[in-house]
Amino acid sequence: MKQILENTAMFKRERGSRTLLPLKGQTWGMIFAKSSTRTRVSFEVGIHELGGNAIFLSTSDIQLGRGELIKDTARVLGRMTHGCVIRTFKQQDVEDFAQYSGIPTVNALTDWEHPCQILTDIFTIEEKMHSIQGKVVTFVGDGACNIPISWAFAAAKLGFELRIAAPKEYQLPDEVLKRAGNGANIYCTTDPKEAAKGADVLYTDTWISMGKESESAQRISLLKNYQINKEMVSLANKDVMVLHCLPAYRGKEITEEIFEQFAGNIFDQAENRLHTQKAIMDWMTD
Ligand code: CP
Ligand code: NVA
């Protein structure tokens, strides 16, 4: 992670002037079973800027969408492409793809994880606050979705305090806490105000992740008190940074006022997806 974060700074600084093209002559597949703006564009641009060629493969266009197995798709792409970026539902599909394809495979979001996003978030925090070590990162919202889960795995590796405020129905899964281990400083609560007190970073995500649309009404009702708003910001550190992985739904997980107040940080965070993912692909093909 540290190597990727260091290289992210270099890719950001040297964008447009670097002549090293680690993906020169390569073609990368991009299998997407869910919608995407940031991840799709940043990977396509990133692959191009590293000298490679990207093929976008929506699952509604390829045979995967008609029931072909992931392990068969993987064995085909493994013979034709040099790397693959996958966004899908089941975490196991990404792991199976990596195993059966034998090529570098990037998790571009599953129901369970979003590692490229969280690496970017850490880079964005360190860009403004130096080291994340010793900082308090508070996630408010759906504590059982991919974003807080990937944050928990990051907390296991880097020395910061992670607080997750969520209703009891959407707490961080126990198995995640177990996998993160005792070395991870993670505090889970149902009290968003307690979690916001003295936080260096306040972070949120949509209450209705992709694939959960049928639960919208229940989620809006259970999560209504887990919003980043003026009061939450006033409880946090005075230099608090508000982050959002986007897309944002104003009036739900964040107010319009707070979103616009911190839009500078939030769109730096979005831009940093490009730089971080270039560093990830460079590291994978090293
Ligand atoms: N944050 C994020 O992954 O955005 P997209 O869904 O637009 O890719
Ligand atoms: N938790 C959200 C993240 C979107 C980037 C989702 O899975 O839809």
Side-chain angles (χ1 to χ4, degrees), residues 1-2 5-6 8-9 12-13 38 114 117-143 145 147-167 170-172 180 184-207 223-273 275-276:
M1 286 171 85
K2 289 212 159 130
L5 292 167
E6 271 169 32
T8 300
K12 185 166 185 174
R13 213 173 36 242
R38 282 141 288 271
H114 198 2
Q117 178 72 56
I118 276 50
L119 269 169
T120 301
D121 302 339
I122 293 165
F123 175 79
T124 308
I125 292 167
E126 296 205 324
E127 205 178 25
K128 318 262 179 198
M129 297 185 169
H130 305 292
S131 177
I132 196 169
Q133 212 173 353
K135 298 286 188 300
V136 175
V137 177
T138 294
F139 178 90
V140 181
D142 175 7
C145 80
I147 296 288
I149 292 174
S150 283
W151 266 111
F153 297 145
K157 303 278 180 206
L158 306 172
F160 61 91
E161 180 183 339
L162 176 64
R163 299 181 191 161
I164 298 178
Y170 300 115
Q171 288 281 317
L172 192 70
N185 186 2
I186 304 174
Y187 175 69
C188 299
T189 177
T190 53
D191 184 347
K193 289 182 193 152
E194 186 195 8
K197 266 185 212 144
D200 297 295
V201 178
L202 287 177
Y203 193 119
T204 192
D205 178 17
T206 178
W207 291 341
L223 283 149
K224 65 177 184 305
N225 296 325
Y226 297 83
Q227 180 189 63
I228 299 193
N229 51 33
K230 207 170 171 177
E231 189 189 0
M232 293 286 276
V233 169
S234 74
L235 294 167
N237 228 329
K238 70 171 181 17
D239 301 320
V240 67
M241 181 183 226
V242 172
L243 295 178
H244 193 310
C245 58
L246 303 176
Y249 298 91
R250 273 88 156 172
K252 301 221 167 39
E253 75 276 3
I254 193 163
T255 58
E256 163 76 4
E257 181 190 18
I258 295 302
F259 185 89
E260 291 303 334
Q261 188 182 327
F262 291 92
N265 286 342
I266 293 168
F267 290 105
D268 281 350
Q269 177 189 11
E271 177 197 322
N272 286 338
R273 295 291 304 279
H275 312 301
T276 313

Engineer: Start with the C-alpha distance between Glu127 and His275, add both sets of side-chain angles, then the distance that settles side chain to side chain contact (heavy atoms under 4.5 Å, CB included), and finish with yes or no.
Structural biologist: CA-CA 12 Å; Glu127 205 178 25; His275 312 301; over 6 Å; no
Engineer: Before we go on, tell me: are the rings of Trp151 and Tyr203 under 6.0 Å apart, centre to centre?
Structural biologist: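 That pair passes the under 6.0 Å test.
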Engineer: Do the charged groups of Lys128 and Asp268 touch, with an N to O distance under 4.0 Å?
Structural biologist: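 Yes, charged N to carboxylate O under 4.0 Å.
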Engineer: Just do the side chain to side chain contact (heavy atoms under 4.5 Å, CB included) check on Asp205 and Glu253 with the steps written out, would you?
Structural biologist: CA-CA 7 Å; Asp205 178 17; Glu253 75 276 3; over 6 Å; no
Engineer: To the closest 0.5 Å, what do you measure between CG (Asn237) and CG (Asp200)?
Structural biologist: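 The CG atom of Asp200 is 5.0 Å from CG of Asn237, to the nearest 0.5 Å.
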Engineer: Can you find a pair of side-chain heavy atoms, one from Glu260 and one from Arg250, that are under 4.5 Å apart?
Structural biologist: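 They are in contact (side-chain heavy atoms under 4.5 Å apart), so the answer is yes.
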Engineer: What's the verdict on side chain to side chain contact (heavy atoms under 4.5 Å, CB included) for Thr255 and Phe259, showing C-alpha distance, side-chain angles and the deciding distance?
Structural biologist: CA-CA 6 Å; Thr255 58; Phe259 185 89; over 6 Å; no
Engineer: So if I apply the side-chain contact (heavy atoms from CB on, under 4.5 Å) rule between Lys135 and each of Met241, His130, Glu161, Met129, which one comes out positive?
Structural biologist: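 Single pass found, and it is Met129.
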Engineer: Between Arg38 and Glu271, does any NZ, NE, NH1 or NH2 come within less than 4.0 Å of an OD or OE carboxylate oxygen?
Structural biologist: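 So Glu271 does not pair with Arg38 through a salt bridge.
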Engineer: For Leu162 versus Pro148, what's the shortest heavy-atom pair and its separation?
Structural biologist: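 Closest pair (atom of Leu162, atom of Pro148, distance): CD2-O, 4.5 Å.
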Engineer: Does Lys197 offer a backbone N or O that forms a donor-acceptor pair with the side chain of Arg163 under 3.5 Å?
Structural biologist: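 Checked: pair present.
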Engineer: Do Val136 and Val201 have side chains that approach each other closer than 4.5 Å (heavy atoms only, starting at C-beta)?
Structural biologist: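 No, side chains not in contact.
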Engineer: Count the heavy atoms of every other residue, nucleotide or ligand shown that sit under 6.0 Å from NZ of Lys252, and state whether that count exceeds 12.
Structural biologist: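 Atom NZ in Lys252 is not packed in, count stays at 12 or less.
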Engineer: If you measure from CH2 on Trp207 to CG on Asp142, what distance do you get to the nearest 0.5 Å?
Structural biologist: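 Rounded to the nearest 0.5 Å, the CH2-CG separation comes to 11.0 Å.
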Engineer: Show the nearest heavy-atom pair for residues Leu243 and Asp121, with the distance to one decimal.
Structural biologist: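 Shortest heavy-atom separation between Leu243 and Asp121 comes out as CD1-O, 4.4 Å.
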Engineer: A side-chain contact here means heavy atoms from C-beta on lying under 4.5 Å apart; do Ile149 and Leu172 qualify?
Structural biologist: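 Yes, close enough: below the 4.5 Å cut-off.
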Engineer: Using the side-chain contact (heavy atoms from CB on, under 4.5 Å) rule, pick out the option among Thr189, Thr190, Ile164 that qualifies with Gln171.
Structural biologist: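 Answer to the side-chain contact (heavy atoms from CB on, under 4.5 Å) test with Gln171 among Thr189, Thr190, Ile164: Thr190.
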Engineer: Establish, from distance only, whether the side-chain atoms of Gln269 and His244 form a donor-acceptor pair under 3.5 Å.
Structural biologist: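 Checked: Gln269/His244 side chains show no N/O donor-acceptor pair below 3.5 Å.
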Engineer: In Å, rounded to the nearest 0.5 Å, how long is the span from CD of Glu126 to CD of Glu6?
Structural biologist: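 Rounded to the nearest 0.5 Å, the CD-CD separation comes out at 10.0 Å.
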Engineer: For Leu223 and Tyr170, what are the C-alpha separation, side-chain angles and deciding distance, and is it a side chain to side chain contact (heavy atoms under 4.5 Å, CB included)?
Structural biologist: CA-CA 9 Å; Leu223 283 149; Tyr170 300 115; 4.1 Å; yes
Engineer: How close do Gln227 and Met232 get, counting heavy atoms only, and between which atoms?
Structural biologist: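 In this case the closest contact between Gln227 and Met232 is O-CG, 3.3 Å.
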Engineer: Please determine whether a side-chain nitrogen of the Lys or Arg among Lys193 and Glu231 lies less than 4.0 Å from a carboxylate oxygen of the Asp or Glu.
Structural biologist: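 The answer is yes: the pair qualifies as a salt bridge.
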Engineer: Could you give the distance from CD1 (Ile132) to CG (Leu158), rounded to the nearest 0.5 Å?
Structural biologist: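 Reported to 0.5 Å precision, the distance equals 6.5 Å.
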Engineer: Search all heavy atoms of Ile147 against all heavy atoms of Phe139 and return the closest pair with its distance.
Structural biologist: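 Ile147 and Phe139 have their closest heavy atoms at CG2-CE1, 3.8 Å.
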Engineer: What distance do Met1 atom CE and Ile118 atom CD1 have between them, rounded to the nearest 0.5 Å?
Structural biologist: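 So the CE of Met1 and the CD1 of Ile118 are separated by 9.5 Å.
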Engineer: Are Asn272 and Thr124 linked by a side-chain donor-acceptor pair shorter than 3.5 Å?
Structural biologist: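 A donor-acceptor contact under 3.5 Å links the two side chains.
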Engineer: Check Gly143 against Ala166 and note the closest heavy-atom contact, atom names and distance.
Structural biologist: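 Closest pair (atom of Gly143, atom of Ala166, distance): N-CB, 3.6 Å.
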Engineer: Atom OG in Ser150, atom CD in Gln117: separation rounded to 0.5 Å?
Structural biologist: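 Atom-to-atom, Ser150:OG and Gln117:CD are 9.5 Å apart.
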Engineer: Please find the pair of heavy atoms, one from Pro192 and one from Asn225, that lie closest to each other, and give the distance.
Structural biologist: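 In terms of heavy atoms, the two residues are closest at CG-O, 3.5 Å.
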Engineer: I'd like to know if the side chain of Asn229 pairs up with that of Glu257 as donor and acceptor (distance under 3.5 Å, no hydrogens or angles considered).
Structural biologist: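 Short answer, no.
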